[in-house]
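Labels below follow one simple rule: chain letters A, B, ... track the order of the sequence lines, proteins then strands, and each chain is numbered from 1. Every heavy atom of this structure was used, including side-chain atoms; hydrogens, water molecules and symmetry mates were not.
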Amino acid sequence: MNQTSSGNLTVGESNAWLSSLEWQAVDAKAFNQLSPTEQLIRIRHSSAHIMAAALTQLFPETEFATGPATPQGYFYDIKKSEPLKEEDLASIQAEMDKIAGKSQAFEVASVPKAEAIAYFKEKQQHYKLQVLERIPSETVTLYRNGNFIDLCAGPHVPHTGLCRSNKVLTLSAVHWRDEEKPSLTRITGTAWSRPKDLERYIEFLSEVKLRDHRTLGPQLDLFSFHPWAASALWHPHGVTLRNQLMAFWRETISEKDYIEILNPLLYKKELFETSGHWDHFQENMFIFRDAEGEPDFALKPMNCPDTMLYFRSQLRSYRELPLRIAEGQILHRNEATGALHGIMRTRNFIQDDAHIFLAPEHVEAEVQALLEMLDRIYQIFQLNYNIKFSTRPESYLGSLDVWNKAEASLQAALKAAGKEFVIDEGEGAFYGPKIDINIQDSLGREWQCGTIQLDFQLPERFDLKYVKPDGATERPIVVHRAIFGSFERFIGILIEHLGGAFPTWLAPVQGVVLPIAERHIPHAESVVKQLKTLGFRFDLASNESVNYRIRHAETQKTPYMLVIGDREMADNTVAVRKYTGGQKGTYPLAQLIEELCEHRDQRIFDVVVKEFSSLFRGPSDVSTEDAPY
RNA sequence: GCCGAUGUAGCUCAGUCGGUAGAGCAACGGUUUCGUAAACCGUGGGUCGCAGGUUCGAUUCCUGUCAUCGGCACCA
């Protein structure tokens, strides 16, 4: 047996120091009294230990970093001389099942930090030593199950048998803290209280794959990808979808007295030098050079700098404030290759952007109105969301007094709107505090979309002013805001949230008209024409068998299928079938039109979304920085 | 950008232990006009991501490169 090499304890090792410790079993009674969520978190954390024990068994030289529970399972970050391969996962799974099968007890011992350091030094567990360095207390705890010992704050389950509903999932690489190299291997697994939950989670994973917008988008003929293109190529159906969404956006902002502008894509670098982007954002910008190779022009990565130019194009009065200026112009950002992801993260996209110029006393009411607006919009898509309030970061610009006032008014607005939110200390932008809105989709995943940010810096940098009632000038405050985030990302979220089945008001093709036989085609054509004239998006499907056309419409997730045969032709009715809803009966065309108008005007959410969000309980936002070690 | 993996027809995938490849769907042509999830017959389609190297010979092995995937970092 391996007595002296690196790695944690191996089977059969004896160590006088370890056996001299006072090991205490985890209290089973107390565990049983915990809430299901607390139990699940422990199951996952303990599963990470079981994974590490399995790795120690298989590869004794493995070094361990951190292994916390996550909202969907757990992982352990490890370092190994020979990199792990996909094939190794099966043997790790088998070893873990063995350990879980043994129902080994989890035991804890408190030790002086210095002794723990000596122990992990001997075991050449360099990452554990780094973790130890950051622990302020003089005593630390060790947990053991079987012969595996880990530095760990706990808590754990009473024994490994509680972690049987367990599956090893993926391998990936992660950075260890701030270091670029060497990177660690992250082995991810999922663990549940009951086998039934594990099954449901595996069903969820296959659902995620099925709903992937990168597969569904091309399948539904919305867009396609090409290696040469900086973003997706949008097909006619995708363009229709975008146009519907943008029409909805314009409708919502015009109700709230926004004005819309359209500025160029391309600017001399002076604009960005003035805005601060040249110093703070240059590496994400596409920059053009002149004949001498000097930076010259750049594509705008945000709409804010040139909106300042618009504000400055005329003398402004206090009477104009709050001045709400929207712009849906194309933005270009040179994102890191590894960040690109379908249409969710591209180098070329459009935000539902707006900048609101206001006086300090407007902030609270304006932010409250924005919160109400985004609530209304997300509700239309039945998207849940969480609000995060980010406060002054360590390095900030402007005066402390202004910051305090701004934070107070943002917080007051959140409270006035009756919203729950979490405070993210020090995570605000350098130019002002912000409210970030994370959408939670039907698969329980979070996406940052909406944002409301206060900005004191741009008005300063562009020397913006408005004239007050007394004739003196004052500097306005700017609020940056977006609700969809980027239209492309929002469409991606919608595709995955809805599984590609859009509500009728939004669907690129709202329905198909299916004549039974050739003799019905002229009448079917006239039905399509009537619907099109009224602005509805219906196509004629006259080739192939009826069965084939129905199947095609179903796979394309078309909301309405209108079958027309002898009977329907005779009395000007349509036999209505709805997507996944089956036949809805035959009724007059006029009645259908009424129904369609209702869908359009009220933006009815007429799709059934398979919910998985109840699956997710447990800690969120796990990072290696604050993970329980 | 970092680590790992992957790249075969429009799509999903098979195959070649080094002798230039095959299926289903889609497309195209013909027949069929049908009452609610695939009518029938036939045809075409691939410099096996790209560039170099090794070899008598490379889609297969090696190197580089581009892209994608899973994460990290970054972020709308």
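At whole-Å resolution of the value, CG in A:Leu184 and C1' in B:G70 are 16 Å apart. Distance NE2 (A:His175) to P (B:G70): 17 Å, rounded to an integer number of Å. Computed from coordinates, the A:Asp221 CG to B:C11 P distance equals 13 Å when rounded to whole Å. Here B:A5 presents its P atom at 18 Å from CZ of A:Arg186, a figure rounded to the nearest Å. In this entry the distance linking CZ of A:Arg445 with P of B:G70 reads 10 Å, nearest Å. Note: NE2 (A:His280) to P (B:C74) measures 16 Å, nearest angstrom. One can place CG of A:Leu331 at 16 Å from P of B:C75, the figure rounded to the nearest angstrom. Following rounding to the nearest Å, A:Gln282 (CD) and B:C74 (C1') show an atom-to-atom distance of 17 Å.
Between the side chains of A:Thr391 and A:Glu425, at least one donor N or O lies within less than 3.5 Å of an accepting N or O. There is no side-chain donor-acceptor pair under 3.5 Å between A:Lys584 and A:Tyr560.
Nucleotides B:C69 and B:C13 are separated by 14 Å at their P atoms, to the nearest Å. Taking atom P in both B:A58 and B:G53, one finds a spacing of 11 Å when rounded to whole Å. Using atom C1' as the reference point in both B:G1 and B:C74, the two lie 9 Å apart (nearest Å). The P atoms of B:C61 and B:G15 are separated by 14 Å, rounded to the nearest whole Å. A distance of about 9 Å separates the P atoms of B:G46 and B:G10, rounded to the whole Å. If you take atom C1' in B:U12 and the same atom in B:G7, they sit 15 Å apart, rounded to whole Å. Comparing B:A23 with B:G42, their P atoms are spaced 13 Å from each other, to the whole Å. Separating the C1' atom of B:C56 from that of B:C48 is a span of 22 Å, rounded to the nearest Å.
Of the nucleotides present, none pairs with B:G46 by Watson-Crick or G-U wobble criteria with both distances under 3.5 Å. Nucleotide B:G24 is matched to B:C11 when pairs are restricted to Watson-Crick or G-U wobble geometry with both distances under 3.5 angstrom. Of the nucleotides present, B:C41 is the one that pairs with B:G29 by Watson-Crick or G-U wobble criteria, both distances under 3.5 Å. With a cut-off of 3.5 Å on both pairing distances, B:U54 has no Watson-Crick or G-U wobble partner at all. Look at B:C34: it lacks any Watson-Crick or wobble partner with both distances under 3.5 angstrom. B:U6 and B:A67 make up a base pair, with Watson-Crick or G-U wobble contacts both under 3.5 Å.
Between A:Ile350 and A:Gly328 the shortest heavy-atom distance is CG2-O, 3.5 Å.
Using a 4.0 Å heavy-atom distance criterion, A:Asn284 is classed as making no nucleic acid contact. Among the heavy atoms of the strands, none lies under 4.0 Å from A:Gln453. Nucleic acid contact class of A:Glu335 (heavy atoms, under 4.0 Å, all strands): base. Base engagement by A:Glu544 is indicated by at least one non-hydrogen atom pair under 4.0 Å involving a base atom. Heavy atoms of A:Arg567 sit under 4.0 angstrom from at least one base atom. Here A:Gln448 lies in heavy-atom contact (under 4.0 Å) with sugar-phosphate atoms only. A:Ala553 comes within contact range of no nucleotide atom at all, as no heavy-atom separation falls under 4.0 Å. As judged by a 4.0 angstrom heavy-atom cut-off over every strand, A:Met561 is placed among residues making no nucleic acid contact. Using a 4.0 Å heavy-atom distance criterion, A:Ala336 is classed as a base contact. Nucleic acid contact class of A:Thr586 (heavy atoms, under 4.0 Å, all strands): none.
Across B:A67, B:G70, B:C75, the shortest atom-to-atom separation from the side chain of A:Pro227 is found for B:A67. Distances from the side chain of A:Val546 to the nucleotides B:C74, B:C72, B:C34 place B:C34 closest. Here B:A26 is the nucleotide among B:A26, B:U36, B:A76 with the atom lying nearest to any side-chain atom of A:Tyr548. For A:Ser172, taking side-chain heavy atoms from C-beta onward, the closest of the listed nucleotides B:A76, B:A73, B:G71 is B:G71. Checking B:A37, B:G70, B:C72 against the side-chain heavy atoms of A:Asn547 singles out B:A37 as nearest. Here the nucleotide nearest the side chain of A:Arg549, chosen from B:G1, B:U36, B:C34, is B:C34. Side chain of A:Arg345, nearest nucleotide from B:A76, B:A37, B:G1: B:A76. Side-chain proximity of A:His341 to the nucleotides B:C72, B:G70, B:U33 is greatest for B:G70. The side chain of A:Glu568 has B:G35 as its nearest neighbour among B:G35, B:C75, B:A38.
Contact check, A:Arg214 against B:A67: no side-chain N or O comes under 4.0 Å of OP1 or OP2. Taking 4.0 angstrom as the limit, A:Arg577 places a side-chain polar atom (N or O) nearer than this to OP1 or OP2 of B:A37. Here A:Ser545 reaches the OP1 or OP2 of B:A39: one of its side-chain N or O atoms lies under 4.0 Å away. Between B:G71 and A:Thr170, no contact under 4.0 Å exists linking OP1 or OP2 to a side-chain N or O.
The neighbour count for A:His235 NE2, taken as heavy atoms of other residues, nucleotides or ligands under 6.0 Å away, is above 12. At most 12 non-hydrogen atoms from other residues, nucleotides or ligands lie less than 6.0 angstrom from NZ of A:Lys167. Counted within 6.0 Å of CD on A:Glu283, heavy atoms from surrounding residues, nucleotides or ligands total 12 or fewer; the atom is thus considered open.
Between A:Ser542 and A:Thr337, the one whose closest nucleotide on RNA chain B sits nearer the 5' end is A:Thr337. RNA chain B is contacted by both A:Gln583 and A:Ser486; A:Gln583 maps to the nucleotide lying nearer its 5′ end (nearest heavy atom per residue).
Note: A:Ile325 CD1 to A:His355 NE2 = 9.0 Å, rounded to the nearest 0.5 Å. Atom CD in A:Glu554 sits 7.0 Å away from atom CD1 in A:Ile550 (nearest 0.5 Å).
Between A:Tyr385 and A:Tyr378, the ring-plane angle classifies as perpendicular under the 30° and 60° cut-offs.
Using a 4.0 Å cut-off between a side-chain N of Lys or Arg and a carboxylate O of Asp or Glu, A:Glu260 and A:Arg250 qualify as a salt bridge.
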